[in-house]
Number of protein chains: 2
Amino acid sequence: MNIKEASEKTGVSSATIRYYEKETLIPAIDRSEAGNREIDERIIRRINFVKQMRAAGMSIENLRRYIQLFDNQEDNTKEQIALLNEQMAEMEEKRDDLQAAIDHLHFKLNHFYDHVQASEEELRTLERQHQEKLDQDK
Amino acid sequence: MNIKEASEKTGVSSATIRYYEKETLIPAIDRSEAGNREIDERIIRRINFVKQMRAAGMSIENLRRYIQLFDNQEDNTKEQIALLNEQMAEMEEKRDDLQAAIDHLHFKLNHFYDHVQASEEELRTLERQHQEKLDQDK
DNA sequence: GCTTGTCTTCAAGTGCACTTTAAGAGTTAT
DNA sequence: ATAACTCTTAAAGTGCACTTGAAGACAAGC
């Protein structure tokens, strides 16, 4: 698989895949005769892992620290576990920040429905849209 | 209250408060005789709201759009509700991304405990630390 | 009256995570 | 064999959200 196919498969741009390789977030990728990257499923899984962690807001530097620990299989189990716990704690805090913000907006929305002076049909439309959103999100 | 006190009270730097004012994320702040900002509780609440939404990853631009809609009390109820729903959907998606990443790391951690060849007392120490972390996070 | 500590504005600088550009090379289609 | 499409590297550029720096004003304390 060349880099373009890998990009389409993962939803990560070719340039970003090259960048991740340079930053050692994914392993060094083997090259073909012509010097082009030949990407296999193992690399795809690694790209997807990086994508997932980046979506969760883990910084490139933390991700690199984490990956280096796991790639260099040495007796650094304690550090690995400490790092995992640290990252999870950070993510859980972020998730809770998000939940707090969501709750805040939910409160605003309810406040709106109580006090808005919209016409009956406008209200019904809005409520239907809101319900559809909730159903869709679920 | 001057800007330094407001900064200490909110945990947002003076420079950032000035920046938020310039970007109209908080209302224009009244000045004293000498031209210094006089910050009241209403502004403090607005700073904290911005802080919360920023922590949740809402961009400055979206936050400004949102705040302008709510500050200009006009007949834009539909837009306001649409915007609220849009923001909540974004945040819920982010929250779910985070949860997926947390689950992934939890899985790794469990995998670790199953396969690691650590000594008994090291394992006990690690497990205790992990449990303490969980208790603390809860 | 001078230092210290606050404030002001405006502009420039920073850090992160990409993204784009430039210049070139190999492969396939007409 | 020329165009079109892919790839390569290295370096420069971009966008966001601040952060820092410069230059100056005002008030309190020694």
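Labels below follow one simple rule: chain letters A, B, ... track the order of the sequence lines, proteins then strands, and each chain is numbered from 1.
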Is [Y] close to [X] at the side-chain level, that is, under 4.5 Å between some pair of heavy atoms?
X: Gln99(B); Y: Arg95(B); answer: no
X: Leu25(B); Y: Arg64(B); answer: yes
X: Gln87(A); Y: Ile102(B); answer: no

Looking only at side-chain N and O atoms, does [X] come under 4.0 Å of OP1 or OP2 in [N]?
X: Thr16(B); N: dT19(D); result: yes
X: Arg18(A); N: dT20(C); result: no
X: Asn2(A); N: dC7(D); result: yes

Checking the side chain of Asp103(A) only, and the main-chain atoms of His106(A) only, is there a donor and an acceptor separated by less than 3.5 Å? no
Donor-acceptor contact below 3.5 Å, side chain Lys51(B) vs main chain Thr10(B): yes
Measure the [atom1]-[atom2] distance between [X] and [Y] for me, rounded to the nearest 0.5 Å.
X: Ile26(A); Y: Ile67(A); atom1: CD1; atom2: CD1; value: 9.0 Å
X: Ile39(B); Y: Glu21(B); atom1: CD1; atom2: CD; value: 8.0 Å
X: Met1(B); Y: Ile43(B); atom1: CE; atom2: CD1; value: 10.0 Å

What residues in residues 40-63 of chain B put a non-hydrogen atom under 4.0 Å from any atom of DNA chain D? Arg54(B), Ser59(B), Ile60(B)
Could you list by number each residue of residues 19-32 of chain B showing a heavy-atom separation from DNA chain D of less than 4.0 Å, or answer none if no residue does? Tyr19(B), Tyr20(B)
Counting side-chain heavy atoms from CB outward, which of dT19(C), dT19(D), dC7(C) is closest to Ser13(A)? dT19(C)
Nearest whole angstrom, please: distance from the [atom2] of [N] to the [atom1] of [X].
X: Glu38(B); N: dC26(D); atom1: CD; atom2: C1'; result: 14 Å
X: Ile17(A); N: dT8(D); atom1: CD1; atom2: C1'; result: 15 Å
X: Ile3(A); N: dT19(C); atom1: CD1; atom2: C1'; result: 14 Å
X: Glu5(A); N: dC7(D); atom1: CD; atom2: P; result: 8 Å
X: Lys4(B); N: dT8(C); atom1: NZ; atom2: P; result: 13 Å

What does the B/S/- profile of nucleotides 22-29 of chain C look like, 5' to 3', with a 4.0 Å heavy-atom cutoff to protein? --------
State whether the number of non-hydrogen atoms from other residues, nucleotides or ligands found under 6.0 Å of Asn2(B) atom CG is greater than 12. yes
Atom CD of Glu93(B) with >12 non-hydrogen neighbours under 6.0 angstrom: no
In terms of side-chain heavy atoms, does Asn48(A) have a donor or acceptor partner in Arg45(A) at a distance below 3.5 Å? no
